[in-house]
There are 2 protein chains.
Amino acid sequence: MTLSEEDYIKTIYHLSGGQEASISTNAIADQMDTKPSSVTDMIKKLSEKNMVNYRKYKGVSLTEKGRLTALSIVRKHRLWEVFLVDKLDFAWDEVHEVAEQLEHIKSDKLIDKLDTYLGNPRVDPHGDPIPSKDGEFKKSVKKLVSELPVGSEGVCVGVNDSSVAFLKFLDKNQISLGDTLKIVEREDFDGSMSILINKREMRISDQIASNLYLEVLEKN
Amino acid sequence: MTLSEEDYIKTIYHLSGGQEASISTNAIADQMDTKPSSVTDMIKKLSEKNMVNYRKYKGVSLTEKGRLTALSIVRKHRLWEVFLVDKLDFAWDEVHEVAEQLEHIKSDKLIDKLDTYLGNPRVDPHGDPIPSKDGEFKKSVKKLVSELPVGSEGVCVGVNDSSVAFLKFLDKNQISLGDTLKIVEREDFDGSMSILINKREMRISDQIASNLYLEVLEKN
DNA sequence: ACAAATATTTAGTTTTGTCTAAATTTATTT
DNA sequence: AAATAAATTTAGACAAAACTAAATATTTGT
Ligand SMILES: [Mn+2]
Ligand SMILES: [Mn+2]
Ligand SMILES: [Mn+2]
Ligand SMILES: [Mn+2]
């Protein structure tokens, strides 16, 4: 697989959203900032290689082979993102570009060793799941902290209330997007809860909990 | 710079051996496993970009711009090699291929952070010097341990006597190629010396010292 | 000094991945 | 059910990086 082929496969995977959806030529072209005619050319090549199912004018979908290829690239991308944030101290929102390059490095041994070195992480710095070597992974969903049961663990990925007051509160309490949050206990009376944020324990009100989004793995 | 241009620049740099030498088309073609005609094509392009000085039939040499470009690639290559050995636990002789890929990743921030993370190493796992960000570095030389003054530090890179007996001795005493060795003290009487091998102290005879090669940085 | 050998460049193709413009198919309106 | 609009494919071209075969320059041996 060439670098360019890998990028197409990955784009088709992401546009499919986990489903076996049929993706249009124009959707791929838009996403990749290229022309529809270039997409058609590449699709034909990928079809030859049995990476996609293609019917003229009807769009493409990944074959099982294509899906596994996509997952291996996603796995590499997300492991490198973990490396950049955990080991090299990059901020969570500046790792994507570099990971786009690193994901194309070819060496199974490298990825195995990187995975081990990082402690076999299940999610990347954005809370997205990291597929296993054989292409298995749990989907992740974005939910308000207030909607999740005790014991849930995930990554802070957004806010509902983007008022200055709320953002200042988060800042003062050292809660940043990209932080890992675990729900330790909830008080039924007022909905307040005790949480672990980056391994530090603190207590938050229901009002906070219902304005903070967490990316968590779905349980099977 | 494309990946291919970078590989040519790097090859010309290595063939020049630090000198301002004129490198022949065929030498580059041999080294890169390509055809002389392909080399000529690429040389013309690099000459357009002021990376090399080129006179038809007379060979090429790097310009200052080309030399700095080469050094930045060499820096990346060697830093990644340190990462692979020190952090990911690769053996010193299995890192080159992967580093050949990693050296082309484009991100100044990445290399700065990697350098810091690795503790600003001066040499790679093969004892070769790592150029600084602005292209400065000490040359390294390969010498027998017995030829070096007390205080010298370097990487074990080869043996003079490759008899089974000597290799077995090294193995039994846990001395491997790639290990870091420092000369602590020498006994004038018999030439025996006390050394630090991977931070472990031991004593070796002159016979051992005169059969083990060390790669050390030249002092300025 | 000159012929033979070797090195290097030129000319013409090929493959990959992209593009524009034109043709064709599919979807949407009236 | 046309007519029109939008999406998609085809045809032809181009740039990058490689190749083969042929032409030209340089070096070497006598
Ligand atoms: Mn990313
Ligand atoms: Mn991510
Ligand atoms: Mn190397
Ligand atoms: Mn090296």
Side-chain angles (χ1 to χ4, degrees), chain A residues 1-17 21-62 65-66 69-70 73 100-101 103-106, chain B residues 1-17 21-63 66 69-70 73 100-101 103-106:
Chain A
M1 293 281 285
T2 67
L3 190 145
S4 195
E5 288 171 341
E6 288 189 348
D7 280 338
Y8 273 94
I9 289 289
K10 200 180 44 147
T11 298
I12 296 169
Y13 173 79
H14 281 130
L15 289 173
S16 306
S22 195
I23 305 303
S24 78
T25 303
N26 274 16
I28 298 169
D30 281 358
Q31 182 70 31
M32 299 189 70
D33 237 315
T34 184
K35 301 292 168 183
S37 55
S38 305
V39 174
T40 302
D41 286 346
M42 182 57 90
I43 278 172
K44 284 176 179 167
K45 199 177 10 154
L46 292 174
S47 181
E48 282 301 310
K49 296 191 177 188
N50 291 308
M51 305 295 285
V52 299
N53 302 118
Y54 172 51
R55 281 166 46 229
K56 269 194 193 179
Y57 294 100
K58 302 297 182 185
V60 284
S61 61
L62 291 179
K65 186 179 168 197
T69 303
I73 302 165
E100 285 290 306
Q101 297 181 60
E103 72 189 3
H104 298 291
I105 302 290
K106 265 116 189 141
Chain B
M1 293 281 287
T2 67
L3 191 145
S4 194
E5 288 171 340
E6 288 188 349
D7 280 338
Y8 274 94
I9 290 287
K10 200 180 45 147
T11 299
I12 295 169
Y13 172 79
H14 281 130
L15 289 174
S16 306
S22 195
I23 306 302
S24 77
T25 303
N26 273 15
I28 298 170
D30 281 358
Q31 183 69 33
M32 299 189 70
D33 236 317
T34 183
K35 301 292 168 182
S37 55
S38 307
V39 174
T40 302
D41 286 346
M42 181 57 88
I43 277 174
K44 284 177 180 168
K45 194 168 28 144
L46 292 173
S47 181
E48 282 300 310
K49 297 192 178 188
N50 292 307
M51 304 295 285
V52 299
N53 301 119
Y54 172 52
R55 281 167 45 228
K56 267 194 194 179
Y57 294 100
K58 301 296 182 187
V60 284
S61 61
L62 290 180
T63 61
T69 302
I73 302 165
E100 285 290 306
Q101 297 180 60
E103 71 188 4
H104 299 291
I105 302 290
K106 265 115 189 143

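Computed over heavy atoms, backbone and side chain alike; hydrogens, waters and symmetry mates excluded. These figures come from a predicted structure and were not determined experimentally. A note on names: the letters A, B, ... follow the listed sequences, proteins ahead of strands, and every chain is numbered from 1.
- Here A:Lys56 does not reach the OP1 or OP2 of C:dT26: none of its side-chain N or O atoms lies under 4.0 Å away.
- B:Val60 places a side-chain heavy atom less than 4.5 Å from the side chain of B:Ile28.
- Checking side-chain atoms of A:Thr11 against main-chain N and O of A:Asp7 turns up a donor-acceptor pair under 3.5 Å.
- As a whole-Å value, the separation of A:Met42 CE from D:dT10 P is 16 Å.
- The distance from atom OG1 of B:Thr69 to atom CD1 of B:Ile12, rounded to the nearest 0.5 Å, is 11.0 Å.
- Looking at the side chain of B:Ser38, the nearest of the listed nucleotides D:dT8, D:dT26, D:dC19 is D:dC19.
- In this structure, the side chains of B:Val52 and B:Ser61 stay at 4.5 Å or more apart for every pair of heavy atoms.
- Between A:Thr2 and the phosphate of C:dT16, there is no side-chain N or O to OP1/OP2 separation shorter than 4.0 Å.
- Taking only distance into account, the side chain of B:Ser37 meets the base of D:dT20 through a donor-acceptor pair shorter than 3.5 Å.
- Between A:Ser4 and C:dT16, a side-chain N or O to OP1/OP2 separation shorter than 4.0 Å is absent.
- Between A:Arg55 atom CZ and D:dT8 atom C1' the separation is 14 Å, expressed in whole Å.
- Here the C1' atom of nucleotide C:dC19 and the CG atom of A:Asp33 are 14 Å apart, to the nearest Å.
- Between A:Ile28 atom CD1 and D:dA7 atom C1' there is a gap of 13 Å when expressed in whole angstrom units.
- In terms of phosphate contacts, B:Tyr57 brings no side-chain nitrogen or oxygen within less than 4.0 Å of OP1 or OP2 of D:dA23.
- Checking the phosphate oxygens (OP1, OP2) of D:dA16, no side-chain nitrogen or oxygen of B:Tyr8 falls inside 4.0 Å.
- Remark: C1' of D:dA16 and CG of B:Asp41 are 10 Å apart, rounded to the nearest angstrom.
- At C:dT9, one or more side-chain N or O atoms of B:Thr40 fall inside 4.0 Å of OP1 or OP2 (strictly under the cut-off).
- Of all nucleotides listed (D:dT9, C:dT8, D:dA18), C:dT8 comes nearest to the side chain of B:Ser24.
- One can place CG of B:Asn26 at 13 Å from C1' of D:dA25, the figure rounded to the nearest angstrom.
- B:Lys44 has its NZ atom 15 Å from the C1' atom of D:dA16, to the nearest Å.
- For D:dT9, the OP1/OP2 oxygens have no side-chain nitrogen or oxygen of A:Lys35 closer than 4.0 Å.
- Between A:Glu100 and A:Lys10, the closest side-chain pair of non-hydrogen atoms falls below 4.5 Å.
- Per the geometry, CD belonging to B:Glu48 stands 15 Å off C1' belonging to D:dA15, to the nearest Å.
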